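We're numbering straight along the sequence, starting at 1. Just so you know, these numbers come straight off a predicted model, no measurement behind them.
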Amino acid sequence: MTNVLMVLSAATYWTLADGTRHPTGVWAEEFLEPYRIFTEAGWDVDIATPAGVAPTFDAVSLSDGGAGSAERAADFSSRITALDAVLQQPKKVDAVATADYDVLFYPGGHGPMEDLAVDADSGQLIVDAVRSNTTLGVLCHAPAALLAANDTSTGEWVLKGRRMTGFANSEEELNHLADNAPWLVETRLVELGADYSKAAEPFASHIVVDGQLYTGQNPASSVAVAERIVADRAAAQN
């Protein structure tokens with residue numbers, strides 16, 4: 001049996017450069033589609049958040065435009081309601097261990113930029129995953145969580161030089177949030193030494209696999225990165 005830990009942001013807002021709070025949370029598709037794919041594969045999935053706070057889903061991700069259609073928005077909302085018992089009682093990030101899981105997976109939304117980017121406990125989970133070669137999946141804005149993955153003895157970023165993707169600056173510009181962002185995912189990853197790449201067109205699906213590190217650029221990459229993780233684990237077990 002494959003055991004998965006999905007680490008979600010508990011933030012309800014993202015503090016912008018001018019101090020205003022932009023309402024946010026977890027991007028629904030980036031949680032729901034991987035959760036569906038993992039559970040349909042027969043995997044056990046646990047959810048954890050900072051302090052065990054129930055996650056908030058970004059309202060935009062549940063709108064017709066954010067979800068892609070009225071039908072998808074309604075589907076996402078109903079699936080969240082069906083998972084209420086699971087979502088209302090997540091584990092605490094500081095009370096879980098990478099060693100208990102085969103896969104760690106981080107959905108995005110702007111929420112991780114507020115809390116997981118500076119969460120030392122989440123950062124240690126990622127450090128442990130990298131050191132133990134545990135499968136690590138990270139979507140969209142969730143590479144913000146990777147920023148906290150520093151070697152405590154040297155202070156060095158444990159993912160320096162690794163190939164990855166994440167929400168592109170051009171996509172944040174199209175969201176009209178780049179000018180007031182305190183920092184941008186693409187810029188920060190490159191500054192830290194990541195070998196970053198992105199799709200030729202904004203919001204097109206793009207995933208990067210570097211060993212056991214799986215990253216997806218945006219919501220459109222949600223299915224592709226989760227399916228790739230499932231396929232690769234199945235192939236490795238055959």
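Here the shortest heavy-atom pairing between F203 and E171 reads N-OE2, 2.6 Å. Annotation for A10 and D115: closest pair N-OD2, 2.8 Å, computed over non-hydrogen atoms. A pairwise comparison of heavy atoms in G111 and A11 identifies O-CB, 3.7 Å as the closest pair. The minimum heavy-atom distance linking E33 with R79 is given by the pair OE1-NH2, 2.7 Å. Of all the heavy atoms in Q124 and T152, the pair that sits closest is OE1-CG2, 4.0 Å. Heavy atoms only, all atoms of each residue included: G216 and V225 are closest at N-CG2, 4.3 Å.
In this structure a side-chain-to-backbone donor-acceptor pair under 3.5 Å is missing from S77 to A74. In this structure, D128 contributes its side chain and T98 its backbone to no donor-acceptor pair below 3.5 Å. Checking side-chain atoms of T135 against main-chain N and O of V103 turns up no donor-acceptor pair under 3.5 Å. No side-chain donor-acceptor contact under 3.5 Å links W157 to the backbone of A194. For R163 (side chain) and V209 (main-chain N/O), a donor-acceptor pair under 3.5 Å exists by modelled atom type. Side chain of Q217 to main chain of A199: a donor-acceptor pair is present (N/O by atom type, distance under 3.5 Å, no hydrogens or angles). Side-chain atoms of T15 never come within 3.5 Å of backbone atoms of G19 as a donor-acceptor pair (strictly under, hydrogens ignored). A donor-acceptor distance shorter than 3.5 angstrom exists from the side chain of N218 to the backbone of S221, with no hydrogens or angles considered. A donor-acceptor pair under 3.5 Å is formed between the side chain of R162 and the backbone N or O of D210. Between the Q212 side chain and the T134 main chain, no donor and acceptor come within less than 3.5 Å of each other.
Side-chain contact between V7 and V93 is present, with at least one heavy-atom pair separated by less than 4.5 Å. Contact check for Y35 versus V45: side-chain heavy atoms found under the 4.5 Å cut-off. With contacts defined as side-chain heavy-atom distances shorter than 4.5 Å, the pair I207/T215 does not qualify. Between L147 and L192 there is a side-chain heavy-atom pair separated by less than 4.5 Å. A 4.5 Å side-chain heavy-atom check between D46 and V96 finds every atom pair outside the cut-off. Between L189 and L159, every side-chain heavy-atom pair lies at or beyond the 4.5 Å cut-off. P34 has its side chain within reach of F105: a pair of non-hydrogen atoms, C-beta onward, lies under 4.5 Å apart. Using a 4.5 Å cut-off on side-chain heavy atoms (C-beta onward), P50 and D121 make no contact.
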Practice prompt. Dump the intermediate steps for side-chain contact (heavy atoms from CB on, under 4.5 Å) on L184 and M113, then the final yes or no.
Written response: CA-CA 9 Å; L184 298 171; M113 299 182 76; 5.8 Å; no
Worksheet item: Going through the distances and angles, do R21 and W14 end up as a side-chain contact (heavy atoms from CB on, under 4.5 Å)?
Response: CA-CA 6 Å; R21 293 179 171 183; W14 175 33; over 6 Å; no
Fill in: Step-by-step side-chain contact (heavy atoms from CB on, under 4.5 Å) determination, L32 to I80
CA-CA 8 Å; L32 290 169; I80 288 171; 3.9 Å; yes
Fill in: Criterion salt bridge (Lys or Arg N to Asp or Glu O under 4.0 Å) on K160 and D151, from CA distance to verdict
CA-CA 11 Å; K160 185 176 182 179; D151 187 312; over 6 Å; no
Worksheet entry | Verdict with supporting geometry, E172 and V185, side-chain contact (heavy atoms from CB on, under 4.5 Å) | CA-CA 9 Å; E172 206 69 89; V185 170; 5.6 Å; no
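Using bins of under 30°, 30° to 60° and over 60° for the plane-to-plane angle, the ring pair F57/F31 lands in the tilted bin.
There is no path of hydrophobic side-chain contacts, each under 4.5 Å, that joins L213 to L139. Y196 and V208 fall into different hydrophobic clusters, where Ile, Leu, Val, Met, Phe, Trp and Tyr side chains are chained together by heavy-atom contacts under 4.5 Å. When hydrophobic clusters are built by joining Ile, Leu, Val, Met, Phe, Trp and Tyr residues whose side-chain heavy atoms come closer than 4.5 Å, directly or via intermediates, I37 is grouped together with V86. Hydrophobic clustering of Ile, Leu, Val, Met, Phe, Trp and Tyr side chains at less than 4.5 Å, counting indirect connections, unites M164 with W183. Grouping the Ile, Leu, Val, Met, Phe, Trp and Tyr side chains by contacts below 4.5 angstrom, directly or via other members, places I126 with Y101.
T20 contributes atom OG1, which lies 5.0 Å from atom CG of N180 (distance to the nearest 0.5 angstrom). Summarising the geometry, atom CZ belonging to R72 is positioned 11.5 Å from atom CG belonging to L62; distances are rounded to the nearest 0.5 Å. For the atom pair CG of L125 and CG of L136, the computed distance is 10.0 Å after rounding to the nearest 0.5 Å. With values rounded to the nearest 0.5 angstrom, R188 atom CZ is found 12.5 Å from L146 atom CG. To the nearest 0.5 Å, the span separating NZ on K198 from NE2 on H206 amounts to 10.0 Å. In this structure, the separation between CE on M1 and CG on N3 is 7.5 Å, given to the nearest 0.5 Å.
The neighbour count for Q89 CD, taken as heavy atoms of other residues, nucleotides or ligands under 6.0 Å away, does not exceed 12. Atom CD of Q237 is surrounded by more than 12 heavy atoms from other residues, nucleotides or ligands within 6.0 Å. Annotation for D18: atom CG counts as buried by contact number, over 12 foreign heavy atoms lying within 6.0 Å.
Side chains of N169 and T187: a donor-acceptor N/O pair is present below 3.5 angstrom, by distance only. Between the side chains of E30 and H141, no donor-acceptor pair of N or O atoms lies under 3.5 Å. T24 and D58 are linked by a side-chain donor-acceptor pair at a separation below 3.5 angstrom, with hydrogens and angles left out of the test. No side-chain donor from either of T81 and D84 sits under 3.5 Å from a side-chain acceptor of the other. Y106 and S9 share no donor-acceptor pair across their side chains, judged by distance under 3.5 Å alone.
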